[in-house]
Q: 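First, the structure itself, so that you have it in front of you.
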Amino acid sequence: MKGKLESSERQKLIEEGKNLKEELVTLEEDLLKLTDELQQEAQSIPNMTHPDVPLGGEDSSTVRKMVGKPAEFSFAIKDHVQLGKELDLFDFDAAAEVSGSKFYYLKNEAVILEMGLVNWAVSEAMKRGFTPLTTPEIVRSSVVEKCGFQPRGTNTQVYSIENSDQCLIGTAEIPVGGIHMDSILSESSLPLKYVAFSHCFRTEAGAAGAATRGLYRVHQFSKVEMFILCRPDESDSYHKELIEIEEELFSSLGFHFKTLDMASEDLGAPAYRKFDVEAWMPGLGRYGEISSASNCTDYQSRRLGIRYRPESSSSASLKKGKNAAPTQFVHTLNATACAVPRMIVSLLENFQQEDGSVIIPEPLRPFMGGLQIIKPKHIQN
């Protein structure tokens, strides 16, 4: 075009340029679409599975440990819904009018119990070297995806915010996982241990039936989550540490529970291995999940871009003029210290008394202003 050209030849080249521009726009649109499709396909590939994980569905999960015995009662027991109604602790009806089904108001001692459980769990984790955090409860959908959760689709558990790229979190694991996104950590800083308090929001798509009654399965709840970033060779031992912490916490409250090594089909995309804790809930007449601990290896860190630089690469080798050792991806682990609604279910149902009152376990009393027992209002004095 810069040379001397006949006007007809110049016009021909101008038209060709326009056509190329239009083709490029179409190709770029196709590329974006294909990239998105490739990303969606790649996200359907789960993590690898630990060789000791039982193969099959949930029924194939194996019991690792059984702690305590079921509480024995000499009277007709009540479930947490009935206890909560008689003790004036919940209001599901008003919440259904205000927000819809699977929402609730906590009232009276239940509010103190929630705050006590949260402070107790955070305090116990801090004693074990965890740094406390509160987190954002709205995050970018890309971070949700990088943590291994699906923010879109008919059965998604994630609430997406319309006309934005943001979602409500279903667990503090997501914002805590993102705190070191796209960074290179020093090896000496590992392990990083966090204990995070947040509210959690879940659609609970596909959940129905008696197993979801009352507080057992709800759309919004408070939770205390432990999260560890560590070297790859240490993640198995930290996984054991996390489940041991959970067992210590629930034992100290006097719960009867079992820990399970979850089967391969029940792991979810990010988990390499997952241990669940199921507590006996006498009012429901069954065990119910109150906690889990997962080793996600480098599944999340690869997507989030969290690496560390091995120490051996820094001083001695650099002095000799050698290149620094390549960075490696950290391993991430997460575990529930306290999912408040299910802890309340377990506490009310296991420690109910014949007169309708509920005894507060001793470890929680200092976090509840010394409250020892929740009494029906007609026998308060």
Side-chain angles (χ1 to χ4, degrees), residues 67-73 75-93 95-96 101-121 170-171 199-202 204 207-225 246-247 249-260 276-292 335-353 356-361 363-364 367-368 371 373-376:
V67 177
K69 293 178 180 177
E72 293 181 4
F73 300 92
F75 55 88
I77 57 175
K78 303 165 184 173
D79 70 4
H80 74 281
V81 177
Q82 189 178 351
L83 286 162
K85 186 175 182 180
E86 292 174 4
L87 293 168
D88 196 23
L89 299 178
F90 318 135
D91 192 334
F92 294 105
D93 294 336
S101 65
K102 296 194 178 77
F103 287 93
Y104 55 94
Y105 286 94
L106 294 183
K107 299 167 65 180
N108 299 312
E109 293 92 341
V111 177
I112 311 305
L113 182 54
E114 163 154 339
M115 293 177 176
L117 280 164
V118 167
N119 286 325
W120 165 76
T171 168
H199 298 101
C200 304
F201 305 87
R202 298 183 185 180
E204 296 298 351
T212 65
R213 222 163 90 82
L215 288 176
Y216 189 80
R217 197 177 296 281
V218 290
H219 290 308
Q220 176 185 336
F221 59 96
S222 302
K223 182 158 71 80
V224 178
E225 184 81 0
E246 290 179 341
E247 289 167 354
L249 294 181
F250 305 137
S251 294
S252 73
L253 296 181
F255 287 166
H256 163 52
F257 62 88
K258 58 184 177 179
T259 63
L260 301 166
D276 275 9
V277 180
E278 294 187 355
W280 177 247
M281 298 176 178
L284 293 176
R286 63 181 180 85
Y287 291 94
E289 183 192 338
I290 58 168
S291 181
S292 68
T336 312
C338 174
V340 169
R342 292 195 186 176
M343 293 291 277
I344 292 177
V345 172
S346 299
L347 288 164
L348 294 182
E349 295 190 359
N350 280 289
F351 304 125
Q352 60 182 294
Q353 305 299 300
S357 61
V358 175
I359 291 174
I360 302 297
L364 295 178
F367 299 92
M368 297 179 64
L371 184 68
I373 190 166
I374 302 173
K375 296 178 182 177

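Please read all numbers here as calculations on a predicted model, not as lab measurements.
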Q: Hey, are the side chains of W280 and E349 touching, using non-hydrogen atoms and a 4.5 Å cut-off?
A: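 W280 does not reach E349 side chain to side chain.
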Q: Would you say that W120 contacts P361 through its side chain, given a criterion of any heavy-atom pair below 4.5 Å between the two side chains?
A: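 In short, these two side chains do not touch, never coming nearer than 4.5 Å.
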Q: Identify, with sequence neighbours excluded, every residue that meets side-chain hydrogen bond (donor to acceptor under 3.5 Å, both in side chains) alongside E114.
A: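 Partners of E114 by the side-chain hydrogen bond (donor to acceptor under 3.5 Å, both in side chains) criterion, ordered by chain and then number, come out as S222.
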Q: For A96, enumerate each residue passing the side-chain contact (heavy atoms from CB on, under 4.5 Å) test, keeping only those at least two apart in sequence or located in another chain.
A: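 Applying side-chain contact (heavy atoms from CB on, under 4.5 Å) to A96 gives none.
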Q: Measuring only between side-chain heavy atoms, which start at C-beta, is P341 closer than 4.5 Å to Y104?
A: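 The answer is yes, as the side chains (C-beta and beyond) meet within the 4.5 Å cut-off.
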Q: Between R286 and Y216, is NZ or CZ placed under 6.0 angstrom from the six-membered ring centre and within 45° of the ring axis?
A: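 Yes.
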Q: Below 4.5 Å, heavy atoms only, C-beta onward: do P363 and L253 meet side chain to side chain?
A: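 Side chain of P363 against side chain of L253, heavy atoms only: contact under 4.5 Å found.
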Q: Fit a plane to each ring of F201 and H199, take the angle between them on a 0 to 90° scale, and name the class: parallel (under 30°), tilted (30 to 60°) or perpendicular (over 60°).
A: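 Correct class here is tilted.
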Q: Any non-hydrogen side-chain atom of E109 less than 4.5 Å from a side-chain atom of L371?
A: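 Answer yes - side chains close enough.
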Q: With respect to T336, which candidate in K223, M343, R342 satisfies the side chain to side chain contact (heavy atoms under 4.5 Å, CB included) definition?
A: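 With T336 as partner, side chain to side chain contact (heavy atoms under 4.5 Å, CB included) holds for just one option, K223.
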Q: Identify the residue among V277, L249, I290, V67 that makes a side chain to side chain contact (heavy atoms under 4.5 Å, CB included) with F255.
A: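 Going through the options one by one, the only one that passes is I290.
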Q: Partners of N119 by side-chain contact (heavy atoms from CB on, under 4.5 Å), sequence neighbours excluded?
A: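 N119: side-chain contact (heavy atoms from CB on, under 4.5 Å) contacts with F367.
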Q: Can you tell me if H80 uses its side chain to pair, donor with acceptor, with the backbone of G214 under 3.5 Å?
A: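 Not confirmed, H80 side chain does not pair with G214 backbone.
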Q: Between L89 and I344, is there a side-chain heavy-atom distance shorter than 4.5 Å?
A: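 I344 does not reach L89 side chain to side chain.
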Q: Does atom NZ (K78) have a neighbourhood of more than 12 heavy atoms from anything else shown, all under 6.0 Å?
A: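 It does: K78 NZ has more than 12 such atoms within range.
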Q: Between the main-chain N or O of Y105 and the side-chain N or O of D91, is there a donor-acceptor pair closer than 3.5 Å?
A: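 A pair under 3.5 Å: no.
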Q: For the residue pair N108 and I374, establish whether any side-chain heavy-atom pair is separated by less than 4.5 Å.
A: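 Not touching, per the 4.5 Å side-chain cut-off.
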Q: Is any side-chain heavy atom of T259 closer than 4.5 Å to a side-chain heavy atom of F250?
A: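 Heavy-atom side-chain distance check fails, nothing below 4.5 Å.
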Q: Short question: side chain of Q353, backbone of F351 - any donor-acceptor pair under 3.5 Å?
A: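 Checked: pair present.
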